Amino acid sequence: MMKFSRVIKGWLWWLAGEIICLLFTMCMIMPMQKSLLVMMFTGVSAVLIVNGLYFNFAYKCAEEDRNAVRYHKAAEDKAMARKIALAAPLPQYIMWCVLLLSKLGVIGDIFNAYILGNIQCIAWVDLFTRERTIDVLSFGGLFGLLLLVLAAPVTIIVTYEMVYREIDIKSIIMYGKK
């Protein structure tokens, strides 16, 4: 069973990422208008910021769980990585599903609200269109936004499993040690 406080912490990490990306993107709006390279840099940086905060969240959860199992004889939850990967980015999943409903015509145009709620994707949207209507968003673009959303659970699961199992990638890559 996952604690509700852990879910709230995951949402707060997501919100922190959104606020940081909002400030970062606002600083980069003018340079993005002049250079495709700056736009790509902004897009990659924003995704790294949000997923870096998810990395930090998963790292802390994995350390806490590993120590609880090791030192306090707590029961190991083998599905915890998947649980936090489902719970922490839940607002992103919901917003993408609502965007899909908007694209299918079930609800009105919420593309601007989606971009505001997932500010890390604005530079990626700007790469393909300057329009902010759901009509301009192609299904390929919708799939691309889904890939940006799915980067979060991948980051969380990989980080959690590696930290929990004490796998040191740097040693493996640099020195060939396990």
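The first residue of the sequence shown is numbered 1, and numbering continues consecutively from there. Keep in mind that this is a model prediction, so the values were computed, not measured.
- Legend: side chain to side chain donor-acceptor pair (under 3.5 Å) pairs involving residues 148-164, not counting sequence neighbours, sorted by first then second residue: Asp65-Tyr160, Glu161-Arg165.
- Atom CE of residue Met32 and atom OG1 of residue Thr42 lie 5.5 Å apart, to the nearest 0.5 angstrom.
- Screening Leu116, Leu23, Val50, Ile49 for a side chain to side chain contact (heavy atoms under 4.5 Å, CB included) with Glu18, the sole residue that qualifies is Val50.
- Checking side-chain atoms of Ser45 against main-chain N and O of Phe41 turns up a donor-acceptor pair under 3.5 Å.
- Listed by chain and number, the residues in a side chain to side chain contact (heavy atoms under 4.5 Å, CB included) with Arg82 are Ala79, Ile157 (sequence neighbours excluded).
- With sequence neighbours excluded, the residues that form a side chain to side chain contact (heavy atoms under 4.5 Å, CB included) with Lys9 are Phe57.
- Phe24 has its side chain out of reach of Ile19: every pair of non-hydrogen atoms, C-beta onward, lies at least 4.5 Å apart.
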Inset, instruction - Dump the intermediate steps for side chain to side chain contact (heavy atoms under 4.5 Å, CB included) on Leu148 and Asn118, then the final yes or no. - result: CA-CA 10 Å; Leu148 291 176; Asn118 285 293; over 6 Å; no
Under 3.5 Å, sequence neighbours excluded: what are the donor-acceptor pairs made by side chains of residues 105-115?
residue	atom	partner	partner atom	Å
Asp109	OD1	Phe111	N	3.0
Asp109	OD1	Ile134	N	3.3
Asp109	OD2	Ile134	N	3.1

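- Grouping the Ile, Leu, Val, Met, Phe, Trp and Tyr side chains by contacts below 4.5 angstrom, directly or via other members, places Phe139 apart from Val136.
- Clustering ILVMFWY residues whenever any of their side-chain heavy atoms sit less than 4.5 angstrom apart, transitively, puts Val44 in the very cluster that holds Met40.
- Applying the salt bridge (charged side-chain N to carboxylate O under 4.0 Å, His left out) test to pairs two or more places apart or on separate chains, none has a residue in residues 28-40.
- At distances below 3.5 Å, not a single donor-acceptor pair connects side-chain atoms of Trp13 with backbone N or O atoms of Phe55.
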Legend entry - Intermediate values then yes/no, salt bridge (charged side-chain N to carboxylate O under 4.0 Å, His left out), Lys103 and Asp135: CA-CA 7 Å; Lys103 180 64 181 168; Asp135 300 330; 5.9 Å; no
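- With sequence neighbours excluded, the residues that form a side chain to side chain contact (heavy atoms under 4.5 Å, CB included) with Ala151 are Asn51.
- For the atom pair OG of Ser138 and CG of Leu142, the computed distance is 8.0 Å after rounding to the nearest 0.5 Å.
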Inset, instruction - Before giving the answer on side chain to side chain contact (heavy atoms under 4.5 Å, CB included), spell out for Arg66 and Glu166 the whole-Å C-alpha distance, their side-chain angles and the decisive distance to 0.1 Å. - result: CA-CA 9 Å; Arg66 184 186 66 219; Glu166 298 182 87; 3.6 Å; yes
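- Taken to the nearest 0.5 Å, the CG atom of Leu15 stands 10.5 Å off from the CG atom of Leu22.
- The hydrophobic clustering, which links ILVMFWY residues whose side-chain heavy atoms are closer than 4.5 Å, places Met39 and Met30 apart.
- Partners of Leu37 according to the side chain to side chain contact (heavy atoms under 4.5 Å, CB included) rule, which considers only residues two or more places apart in sequence or in another chain, are Ser35.
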Inset, instruction - Evaluate side chain to side chain contact (heavy atoms under 4.5 Å, CB included) for Trp96 paired with Leu145, printing each intermediate quantity in order. - result: CA-CA 8 Å; Trp96 188 87; Leu145 292 174; 4.2 Å; yes
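- Taking all atoms of both residues into account, the shortest heavy-atom contact from Cys27 to Pro31 is O-CD, 3.8 Å.
- Hydrophobic clustering, with ILVMFWY side chains joined whenever heavy atoms are under 4.5 angstrom apart, groups Trp14 together with Phe4.
- Across all non-hydrogen atoms, the minimal contact from Val7 to Ala87 is CG2-CB, 3.8 Å.
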Enumerate, atom names and distances included, each donor-acceptor pair closer than 3.5 Å involving a side-chain atom of residues 120-128, sequence neighbours excluded.
residue	atom	partner	partner atom	Å
Trp124	NE1	Gly43	O	3.1
Asp126	OD1	Arg132	NH1	3.1
Asp126	OD1	Arg132	NH2	2.5

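- Residues satisfying the side chain to side chain donor-acceptor pair (under 3.5 Å) criterion with Glu64, sequence neighbours excluded, are Arg6.
- Residue Val38 is not grouped with residue Ile29 when hydrophobic side chains (ILVMFWY) are merged at heavy-atom distances under 4.5 angstrom, including chains of intermediate members.
- Partners of Lys78 under the salt bridge (charged side-chain N to carboxylate O under 4.0 Å, His left out) rule, at least two apart in sequence or in another chain, are Glu76.
- Here the side chains of Ile156 and Pro89 are in contact, with some heavy-atom distance below 4.5 Å.
- Sorted by first and then second residue, the side chain to side chain donor-acceptor pair (under 3.5 Å) pairs with a member in residues 53-62 read Tyr54-Gln92, Tyr59-Glu63; sequence neighbours excluded.
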